[in-house]
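Notes to accompany the following structure.
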Amino acid sequence: MPRSNSSVDSPKKTKQKKLTEEEVLVLKSHLEEWKEAAAEDRKKIMKVVVKEAKVHAPTMDDQLLKKRKYLVIEQLRKEDIIEKTGARPGSKMFIERYQSTITAIMASLSKEELEEAQNTAIKWSDKAPPAVVQADFAKKKAPGIMKDLATKLWKQAGMRIFILSAWKTEEDEVWINGMDFNENLEGNSFTNTKDWKPMLSEWNAYAGECYK
């Protein structure tokens with residue numbers, strides 16, 4: 001029987017990337033739910049796990065990368081955005097024109113500028129954005145994120161939370177704040193009905209150590 005000179009390459013094994021600590025925590029958070037779930041429900045749980053893990057994955061999916069690229073442009077072109085709205089920041093007209101203005105600015109950017117914004121988005125994701133960007137995010141975005149967290153925990157877990165936060169402003173000052181959303185979640189306000197100020201001394205000391 002004649003021998004064949006052709007050879008078949010064996011498939012190369014794809015090297016699996018090591019999970020990050022955040023991805024592991026996502027998996028662990030759904031472990032008990034997975035163990036108790038029926039076979040038909042495990043597919044739903046798996047979809048939720050994958051969706052949550054993607055947010056923390058080293059390689060961002062297209063949608064998340066687009067959002068972070070938007071954030072980069074929003075920060076780096078801040079003065080340009082303000083100028084083109086033709087309105088005072090925070091005013092009703094400014095808010096009404098903001099989205100269309102930033103969309104127009106993004107559409108006007110060259111391919112090189114968009115690539116630069118994308119690379120910056122990846123860099124900020126791997127490490128952290130500059131301090132001035134962090135301060136702006138803490139001021140404008142963080143309260144909404146904390147409110148969403150408090151709402152989700154109440155609705156899905158019946159859990160009430162009070163958040164003590166500390167962050168550094170653009171002027172290099174440390175701000176301390178207490179966030180209480182319980183009054184908007186079928187409950188009484190913690191900050192208006194209880195004396196929570198005594199805990200501030202310890203929190204102030206901790207924040208001072210963190211932001212030396």
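Count residues from 1 along the sequence. Remember, it's a predicted structure, so these values are computed and weren't measured experimentally.
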Open item on the list: Go through it in stages, so that I can follow the logic: the residues are L185 and R160, the test is side-chain contact (heavy atoms from CB on, under 4.5 Å), and I'd like the CA-CA distance, side-chain angles, deciding distance and then a yes or no.
Closed with: CA-CA 9 Å; L185 300 172; R160 296 201 175 276; 4.1 Å; yes
TODO: State which residues pass salt bridge (charged side-chain N to carboxylate O under 4.0 Å, His left out) with D195; sequence neighbours excluded, sorted by chain then number.
DONE: none
- [ ] Could you grab the distance from atom NZ of K92 to atom CD1 of I95, nearest 0.5 Å is fine?
- [x] 9.5 Å
Open item on the list: Going by salt bridge (charged side-chain N to carboxylate O under 4.0 Å, His left out), name the residues that satisfy it together with K78, two or more places apart in sequence or in a different chain.
Closed with: D136
Task: Y98: partners by ring-ring contact (aromatic ring centres under 6.0 Å, His included), with sequence neighbours left out - done: F94
Task: ring-ring contact (aromatic ring centres under 6.0 Å, His included) partners for Y211, two or more places apart - done: none
Task: Residue list, side-chain contact (heavy atoms from CB on, under 4.5 Å) with A117, at least two apart or on another chain - done: K69, V72, I73
TODO: State which residues pass side chain to side chain donor-acceptor pair (under 3.5 Å) with E171; sequence neighbours excluded, sorted by chain then number.
DONE: T169
Open item on the list: Between E202 and L200, is there a side-chain heavy-atom distance shorter than 4.5 Å?
Closed with: no
Task: I176 and V174, any side-chain heavy atoms less than 4.5 Å apart - done: yes
Task: Contacts of E113 that satisfy side chain to side chain donor-acceptor pair (under 3.5 Å) - sequence neighbours left out - done: R77, S110
Task: Atom of A138, atom of P143 and distance for their closest heavy-atom approach - done: O-CD, 3.5 Å
Open item on the list: For a quick test of reading the model, state the closest non-hydrogen atom pair linking R97 to T85 and the distance between them.
Closed with: NH1-O, 2.7 Å
Task: Pair K168 + D172: basic N to acidic O under 4.0 Å - done: yes
Open item on the list: Just so I know, are the side chains of I145 and F137 near enough to count as touching, which here means a heavy-atom distance under 4.5 Å?
Closed with: yes
Open item on the list: For N204, is the CG atom crowded, meaning more than 12 foreign heavy atoms sit under 6.0 Å from it?
Closed with: yes
TODO: Report the residues that fulfil salt bridge (charged side-chain N to carboxylate O under 4.0 Å, His left out) with K212, sequence neighbours left out, ordered by chain and then residue number.
DONE: none
Task: Within-4.5 Å side-chain heavy-atom neighbours: L153 and I161 - done: yes
Task: Distance, nearest 0.5 Å, that separates NZ of K152 from CE of M159 - done: 12.0 Å
Open item on the list: Taking CE in M199 as the centre, count heavy atoms belonging to other residues, nucleotides or ligands within less than 6.0 Å. Is the count above 12?
Closed with: yes
TODO: Measure the spacing between CD of E83 and CD1 of I105 and express it to the nearest 0.5 Å.
DONE: 9.0 Å
Task: Pairwise distance CG(L164) to CG(N177) - rounded to 0.5 angstrom - done: 8.5 Å
Open item on the list: Measuring only between side-chain heavy atoms, which start at C-beta, is T151 closer than 4.5 Å to F181?
Closed with: no
TODO: Check M146 against I163 and note the closest heavy-atom contact, atom names and distance.
DONE: SD-CG2, 3.6 Å
- [ ] Taking side-chain contact (heavy atoms from CB on, under 4.5 Å) as the test, write out the residues that go with Q99, two or more places apart.
- [x] Y70, I102, T103
Open item on the list: T191: which residues meet the side chain to side chain donor-acceptor pair (under 3.5 Å) condition with it, sequence neighbours left out?
Closed with: D180, S189
Task: Check: S91 side chain, A87 main-chain N or O, donor-acceptor pair, under 3.5 Å - done: no
- [ ] Enter the distance from S201:OG to Y206:OH here, rounded to the nearest 0.5 Å.
- [x] 15.5 Å
Open item on the list: Holding to salt bridge (charged side-chain N to carboxylate O under 4.0 Å, His left out), I want the full list of residues that pass it with E170, two or more places apart in sequence or in another chain.
Closed with: none
Open item on the list: Is it true that, when you exclude Q75 itself, more than 12 heavy atoms of the residues, nucleotides or ligands shown sit nearer than 6.0 Å to its CD?
Closed with: yes
Task: Residues forming a ring-ring contact (aromatic ring centres under 6.0 Å, His included) with W167, sequence neighbours excluded - done: W175
Open item on the list: I need the M179 CE to L149 CG distance, nearest 0.5 Å.
Closed with: 11.0 Å
